[in-house]
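For reference, the structure is listed below as structure tokens.
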4 protein chains.
Amino acid sequence: MTDNRAESNGDRPARAKRLPRAVRERQILDAAVAVFSQRGYHAASMDEISEVAGISKPMIYAYLGAKEELFAACIQREATRLVEAIAGVVDESLPPREQLWRGIQGFFAFVADNRDSWRVLHRQAGTQGEPFAAELTAGRKRAISVIGLLLEHAAQAQGVGSFAEGQTEPLAAGLVGAGESLADWWLDHPEETPKAMSGRLMNLVWMGFGNLVQGTGWRPSQAEDAGLQRSDEVSA
Amino acid sequence: MTDNRAESNGDRPARAKRLPRAVRERQILDAAVAVFSQRGYHAASMDEISEVAGISKPMIYAYLGAKEELFAACIQREATRLVEAIAGVVDESLPPREQLWRGIQGFFAFVADNRDSWRVLHRQAGTQGEPFAAELTAGRKRAISVIGLLLEHAAQAQGVGSFAEGQTEPLAAGLVGAGESLADWWLDHPEETPKAMSGRLMNLVWMGFGNLVQGTGWRPSQAEDAGLQRSDEVSA
Amino acid sequence: MTDNRAESNGDRPARAKRLPRAVRERQILDAAVAVFSQRGYHAASMDEISEVAGISKPMIYAYLGAKEELFAACIQREATRLVEAIAGVVDESLPPREQLWRGIQGFFAFVADNRDSWRVLHRQAGTQGEPFAAELTAGRKRAISVIGLLLEHAAQAQGVGSFAEGQTEPLAAGLVGAGESLADWWLDHPEETPKAMSGRLMNLVWMGFGNLVQGTGWRPSQAEDAGLQRSDEVSA
Amino acid sequence: MTDNRAESNGDRPARAKRLPRAVRERQILDAAVAVFSQRGYHAASMDEISEVAGISKPMIYAYLGAKEELFAACIQREATRLVEAIAGVVDESLPPREQLWRGIQGFFAFVADNRDSWRVLHRQAGTQGEPFAAELTAGRKRAISVIGLLLEHAAQAQGVGSFAEGQTEPLAAGLVGAGESLADWWLDHPEETPKAMSGRLMNLVWMGFGNLVQGTGWRPSQAEDAGLQRSDEVSA
DNA sequence: GATGAATGAGATTTCATTCAT
DNA sequence: CATGAATGAAATCTCATTCAT
């Protein structure tokens, strides 16, 4: 809100120093991520972004285009950073379980260091009708399918070929959701370490998955099964 | 996008009949849920809501207050409906596992029948800075803590008293997130039955949880443990 | 600039009285024609139009849409008025010359009474690149072709069938241009009567045309013909 | 419409060579005429002009001043060019009719070779309220009065001294308008040769004028005269 | 001399909200 | 009670213009 630019030399805001384009672009993206993260896409205003970036609006438009494009640029940059953070710690030569463990650790480490990035990626996911929804959804789906593959490898490694087709993807979706939700919960419990968080998710995922791939999946007993009707048969 | 301009159509809409207040409020809330669900809070316009509701804007203000209050009312109504839908199928006298199974079924049945409600509850969750964020977060936390309790009961029922304090809540959070994510995935795979979805979540949760409560939780081997450092120790 | 609304009761601008839609639409169009006429499309601002109309901008958008649509509406209304003004005095049963004379009189009478309308129709005609340019050009072409027909009838009435094909249209274009230019000149010489103006145009058109249809068209002598080269043969 | 954003292209445009001022000014004016012609004064942007000119904006300001001055400079240069093009082919020692014929040919030749120049001179004619309107109107009036003189000479040459005072100017205006309109029509019929166009205008003008100067001007019959009332007597 | 970087000011458009019939 | 009519305020985006390197 207040003018926190350095060198407020007496009178007026003092034209910002001339900086190379790359630097300014980074500044702008940083500010945009922060503001989008805090306010959400629609509530974020270009005015606030420009203020936070310490630069005037026209420069934002000149360098990164209109609001939508700016947002897309944020998404892309942060998604890339997240993917690289995880890819950087995963070693494909390791057995699947270890890969998963490292990946999960990488994820929580990234979230720990980049709360804003994470929020932008996570919290805007469903703003349907927006033109960039595709971008977000696509990223999410890519993540899910990568994890799905990992699960499939794990299943094969354990010699369980019977793992039903089409089962990995929804499970991966559940896993990603669990991770997101845990990361959210973490926001309210900052005293937890990344490793503790990672351990929780790994347990939830692996122990459940460990049983599933061994064919010991849970199934409702006959009594449990009879209890509920399909709701749409009633409501229709 | 759509052409909202009023049209000077000769056949005027015929002043709405005088209806009891409760009916009107329901109409309005139904419309509001639909519009908020499709557009998101900010992109939704009072104009569209009033149009969908078939009621003029001043009435909306008279009955349900300003946009924020209206949104809060939507959240509250839908949250209550979801909670009641689940509560309606859970029988507290049953063993925890069965309760969980029924609860999960109730959840997916509700989502199946009320996509809009679900979207409003789920997709707007993180619009931080808004005054109603509290409302949403609170509902979510309530849900998590209820499930946490359930898990704790289950643990006790299996005679596992050593289940560490403070472990249930994050697990419950993970569970809720997995459920949300699966429900999202479902939106793209409408051919799946509610029961199939419920089965997936139950497996993920219970088989993992089943092992956890029996003390067979997974823990990284020493090699796995050494691999990663806390990122903030480095980046700081 | 100043607030010329009636009843400036003491303090603030006093919300405009509630008027039926049709009345307001007329007010708005009147104001828009005046402002577009004076400033031109681009230099005209919605702010000024709303000020002149004595109504707030949102009403303009509600009733007549965005700037472009508003301008198109102006064009359409004024073009229709001009056409009707002329059509109202032309009697198709009369001989062509008399029709032309009456049409020309109608034209100048309209311009006399509606300087602004005329300016909007005439002066914006060539703002190329605008999406409404088509609308204007189309109207102009329609006018030219109508006059072309009239000329053709006149030629036939004089028993001159040999009037070369494709000659009427450019002549009509010339006639229209002459009319526009005379009308422009009139703006600077308001003391002239409509009848005097009409007479001038009629003379220019008819006497020239009168000779043309009788085959007494002028043609350069050989000496005159040799004088100039096609410029593009040189400049190319 | 076009994407004006600066692009961070690796291969930079290579700082323009130091050129003599006159050359630079010509480059700039050429670009400005092209852009003003296509877009109109207001819609033209200094950015586009500088881009088309291949010279940075600050140079434009240094050499030719602000937008308005630049536009005025365009008008002046193009008007001069047009006048010179016509003056170059007119030989004052020739009889008036031949002068007129040559002048008309010169006009269409110029328009053929300089569409943009012509459009700038013609299409912006009525942007009233702008400070450069004077410049435009002045140029136009000069042209009209030159032609008026020519007509007057022709009248005297034919021994018609009674040609009423004040008649030449409006006729000249009509002639100029007819020329403009024919030039416009030409834009849509590029297959026509300059000579054909010239012939059309000459015929329209001269044959009409030829009769006028001989006192055989057309006058409404009594019946025709009675048909219409002055509109302002009614509407006032 | 030449330019990339920078901005104040203003344009169009929309929206939540309220008055007056 | 019910609504069409009305608006203040703010958001996005563009443009002419000027520093500072």
Side-chain angles (χ1 to χ4, degrees), chain A residues 12-21 23-24 42-48 50 55-63 65-68 70, chain B residues 4 6 8 12-19 21 24 42-50 55-63 65-68 70, chain C residues 12-21 23-24 42-50 55-63 65-68 70, chain D residues 4 6 8 12-13 15-19 21 24 42-50 55-63 65-68 70:
Chain A
R12 36 186 179 137
R15 180 175 274 241
K17 273 243 197 81
R18 295 225 301 151
L19 290 181
R21 180 183 182 126
V23 175
R24 275 281 137 89
H42 263 98
S45 87
M46 297 298 273
D47 266 309
E48 184 174 358
S50 90
I55 205 177
S56 66
K57 268 186 295 175
M59 288 272 79
I60 298 180
Y61 283 89
Y63 283 166
K67 194 182 185 186
E68 238 169 56
L70 175 58
Chain B
N4 274 343
S8 66
R12 41 190 171 135
R15 175 172 284 237
K17 272 234 198 93
R18 293 248 238 119
L19 288 180
R21 178 169 185 135
R24 276 281 147 88
H42 264 95
S45 86
M46 297 298 273
D47 266 310
E48 185 175 358
I49 292 173
S50 92
I55 291 173
S56 68
K57 271 187 292 178
M59 285 286 93
I60 297 181
Y61 281 86
Y63 281 161
K67 194 182 184 184
E68 248 169 45
L70 175 59
Chain C
R12 39 183 177 141
R15 179 176 275 239
K17 274 244 195 81
R18 296 228 295 152
L19 289 181
R21 181 187 182 122
V23 175
R24 275 284 138 87
H42 262 98
S45 87
M46 297 299 274
D47 265 310
E48 185 175 0
I49 292 172
S50 90
I55 206 178
S56 66
K57 270 184 294 175
M59 288 272 79
I60 298 181
Y61 282 89
Y63 283 165
K67 193 182 186 185
E68 239 170 58
L70 175 58
Chain D
N4 273 343
S8 66
R12 39 187 170 140
R15 174 172 286 238
K17 271 232 197 96
R18 292 249 238 120
L19 289 180
R21 179 169 184 136
R24 275 282 144 87
H42 262 96
S45 85
M46 297 298 273
D47 266 309
E48 186 175 356
I49 292 173
S50 92
I55 291 174
S56 68
K57 273 188 290 177
M59 283 287 93
I60 296 181
Y61 281 86
Y63 281 159
K67 194 183 185 185
E68 248 168 47
L70 175 57

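A note on names: the letters A, B, ... follow the listed sequences, proteins ahead of strands, and every chain is numbered from 1.
Within 4.0 Å (heavy atoms only), C:S45 reaches sugar-phosphate atoms of the nucleic acid but no base atom. Within 4.0 Å (heavy atoms only), D:A66 reaches sugar-phosphate atoms of the nucleic acid but no base atom.
In this structure, OH of A:Y61 is placed 8 Å from C1' of F:dA11, rounded to the nearest angstrom. The nearest whole Å value for the distance from the CD atom in D:E68 to the C1' atom in F:dC15 is 14 Å. Across the protein-nucleic acid pair, C:L19 atom CG and E:dC19 atom C1' stand 14 Å apart, rounded to whole Å. Regarding C:E48, its CD atom lies at a distance of 10 Å from the P atom of E:dT12, rounded to whole Å. Rounded to whole Å, atom P of E:dG1 lies 14 Å from atom CD1 of D:I55. In this structure, CE of A:M59 is placed 14 Å from C1' of F:dC13, rounded to the nearest angstrom. Atom CG in B:D47 sits about 15 Å away from atom P in F:dA6, given to the nearest Å. Here F:dA10 presents its P atom at 21 Å from CE of C:M46, a figure rounded to the nearest Å.
Side-chain nitrogen and oxygen atoms of C:Y63 include at least one within less than 4.0 Å of the OP1 or OP2 phosphate oxygen of F:dA5. A sub-4.0 Å separation between OP1 or OP2 of F:dA2 and a side-chain N or O of B:R24 is present.
In plain terms, the two heavy atoms of D:G65 and D:M46 that are nearest each other are O-CE, 4.5 Å. The minimum heavy-atom distance linking D:A44 with D:K67 is given by the pair O-NZ, 2.8 Å. Nearest heavy atoms, C:R24 versus C:Y63: CB-CE1, 3.7 Å. Pairing each heavy atom of B:S56 with each of B:S50, the nearest pair is C-CB, 4.3 Å. The shortest non-hydrogen separation linking A:A43 to B:H42 is CB-CE1, 3.2 Å.
Nearer to the 5' terminus of DNA chain F, by closest-nucleotide assignment, is the contact made by A:A44 (compared with the other of A:A44 and D:A44). When each of B:K67 and A:K57 is assigned the nucleotide of DNA chain E bearing its nearest heavy atom, the one mapping closer to the 5' terminus is A:K57. Mapping A:R18 and A:P58 onto DNA chain E via the closest heavy atom, the residue that lands nearer the 5' end is A:R18.
Within the shown strands, F:dA11 is the pairing partner of E:dT12 under the Watson-Crick or G-U definition, both distances less than 3.5 Å. Under the Watson-Crick and G-U wobble criteria, each requiring two contacts below 3.5 Å, nucleotide E:dA20 is paired to F:dT3.
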